[in-house]
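These notes are about the structure you will find just below.
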Amino acid sequence: MIEEVKIKKLIKHCDDRGYFMELIRDDENLLSRFGQASMSMSYPGVIKAFHYHEKQDDVWFFPIGNAQVVLYDLREDSKTNGQTDVFYMGEENPIVLVIPKGVAHGYRVLGEKPAAIIYFTTKSYNPNQPDEKRIPWNDPMIGFDWTTKYR
């Protein structure tokens, strides 16, 4: 797995009313600090990739729908530089994914319904100096094949 990426398997506490899950706690040492929480929704088949940050870490969680999440380590000083990791996240696999700064990330919505992502960052978004660098979804350096493999 890419160096410094963390996964937290979520635990559902279920009863006759529904369920409750803790996503992230300050005593888990998943984040160096807390900056912002946001939510986004994407339609089936949409690819939102790639971007990375130089100053902030991200935490991703998909409470609705399912997504194929792709990470690519851009950090020159990392033991996993140039490595690609793929995670399947969402209703079928409720996990929290910590994405360190310098790791490019993106996702593709799987299935036939929209997916919602809730994400946390260690810094708030600054529209005057955005910490968001973009890489095309089909960049040859990353070389990821987004097509579904029918195995």
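Along the sequence shown, residues are numbered consecutively beginning with 1.
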[X] side chain to [Y] main-chain N or O, any donor-acceptor pair under 3.5 Å?
| X | Y | answer |
| --- | --- | --- |
| Lys133 | Gly102 | no |
| Asn66 | Val109 | no |
| Glu91 | Gly65 | yes |
| Asp131 | Glu54 | yes |

Close side-chain approach of [X] and [Y], heavy atoms under 4.5 Å:
| X | Y | value |
| --- | --- | --- |
| Tyr72 | Ile135 | no |
| Val86 | Val69 | no |
| Lys8 | Leu30 | yes |
| Leu71 | Thr84 | no |
| Val59 | Leu97 | no |

Row check, Tyr19 ring normal vs Lys12 NZ/CZ: under 6.0 Å, within 45°
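Checked: cation-pi criterion met.
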
For Lys123 and His53: C-alpha separation, side-chain torsions, deciding distance, then whether side chain to side chain contact (heavy atoms under 4.5 Å, CB included) applies.
CA-CA 10 Å; Lys123 302 233 183 231; His53 311 285; over 6 Å; no

Flag the pair Asp27 and Arg25 as a salt bridge only when some basic side-chain nitrogen lies within less than 4.0 angstrom of an acidic carboxylate oxygen.
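Arg25 and Asp27: salt-bridged.
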
So, are Glu132 and Arg134 salt-bridged, with charged N and O less than 4.0 Å apart?
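Yes, Glu132 and Arg134 are salt-bridged.
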
Do the side-chain N and O atoms of Ser38 and Gln36 include a donor-acceptor pair separated by under 3.5 angstrom?
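Yes.
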
Test item: side-chain donor near acceptor, Asp58 and Gln56, under 3.5 Å
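Asp58 vs Gln56: donor-acceptor pair found between side chains.
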
Just grab all the salt bridge (Lys or Arg N to Asp or Glu O under 4.0 Å) pairs involving residues 43-53, residues at least two apart or on different chains.
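The answer is none; no pair qualifies.
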
Does the plane of the ring in His105 sit parallel, tilted or perpendicular to the ring in Trp60? Use 30° and 60° as the thresholds.
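Perpendicular.
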
Check for me, please, whether [X] and [Y] land in the same ILVMFWY cluster - side-chain distances under 4.5 Å, paths through other members count.
| X | Y | answer |
| --- | --- | --- |
| Met21 | Ile64 | no |
| Val96 | Met39 | yes |
| Ile117 | Val98 | no |
| Val103 | Met141 | no |

Just do the side chain to side chain contact (heavy atoms under 4.5 Å, CB included) check on Phe120 and Leu23 with the steps written out, would you?
CA-CA 10 Å; Phe120 307 90; Leu23 297 181; 4.2 Å; yes

What residues form a side chain to side chain contact (heavy atoms under 4.5 Å, CB included) with [X], not counting sequence neighbours?
| X | answer |
| --- | --- |
| Ser32 | Asp57, Thr122 |
| Trp146 | Ile47, Ala49, Phe50, Gln68, Val70, Arg108, Trp137, Phe144 |
| Pro44 | Pro114 |
| Met1 | Val5, Ile7, Asp85, Phe87 |

Take Asn81 and Leu74 through the test side chain to side chain contact (heavy atoms under 4.5 Å, CB included) and record every step on the way to the result.
CA-CA 6 Å; Asn81 174 263; Leu74 296 165; 5.6 Å; no

With sequence neighbours left out, write down each residue that passes ring pair (Phe, Tyr, Trp, His ring centres under 6.0 Å) with Phe62, or none if nothing qualifies.
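Residues passing ring pair (Phe, Tyr, Trp, His ring centres under 6.0 Å) with Phe62: Tyr107.
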
Glu4 CD to Ile2 CD1 distance, which is reported to the nearest 0.5 Å:
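Here the interatomic distance stands at 11.0 Å.
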
Would you say that more than 12 heavy atoms from the other residues, nucleotides or ligands in this model lie under 6.0 Å from the NZ of Lys9, or not?
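Count over threshold, so yes.
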
In terms of heavy-atom contacts, does NZ of Lys55 have more than 12 from other residues, nucleotides or ligands at under 6.0 Å?
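For Lys55, atom NZ is not crowded (no more than 12 foreign heavy atoms under 6.0 Å).
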
Step by step, would you call Phe61 with Tyr119 a side chain to side chain contact (heavy atoms under 4.5 Å, CB included)?
CA-CA 6 Å; Phe61 172 64; Tyr119 58 97; over 6 Å; no

One pair to check against salt bridge (charged side-chain N to carboxylate O under 4.0 Å, His left out): Arg75 and Asp77. What are the steps and the verdict?
CA-CA 6 Å; Arg75 301 168 298 171; Asp77 60 343; 5.6 Å; no

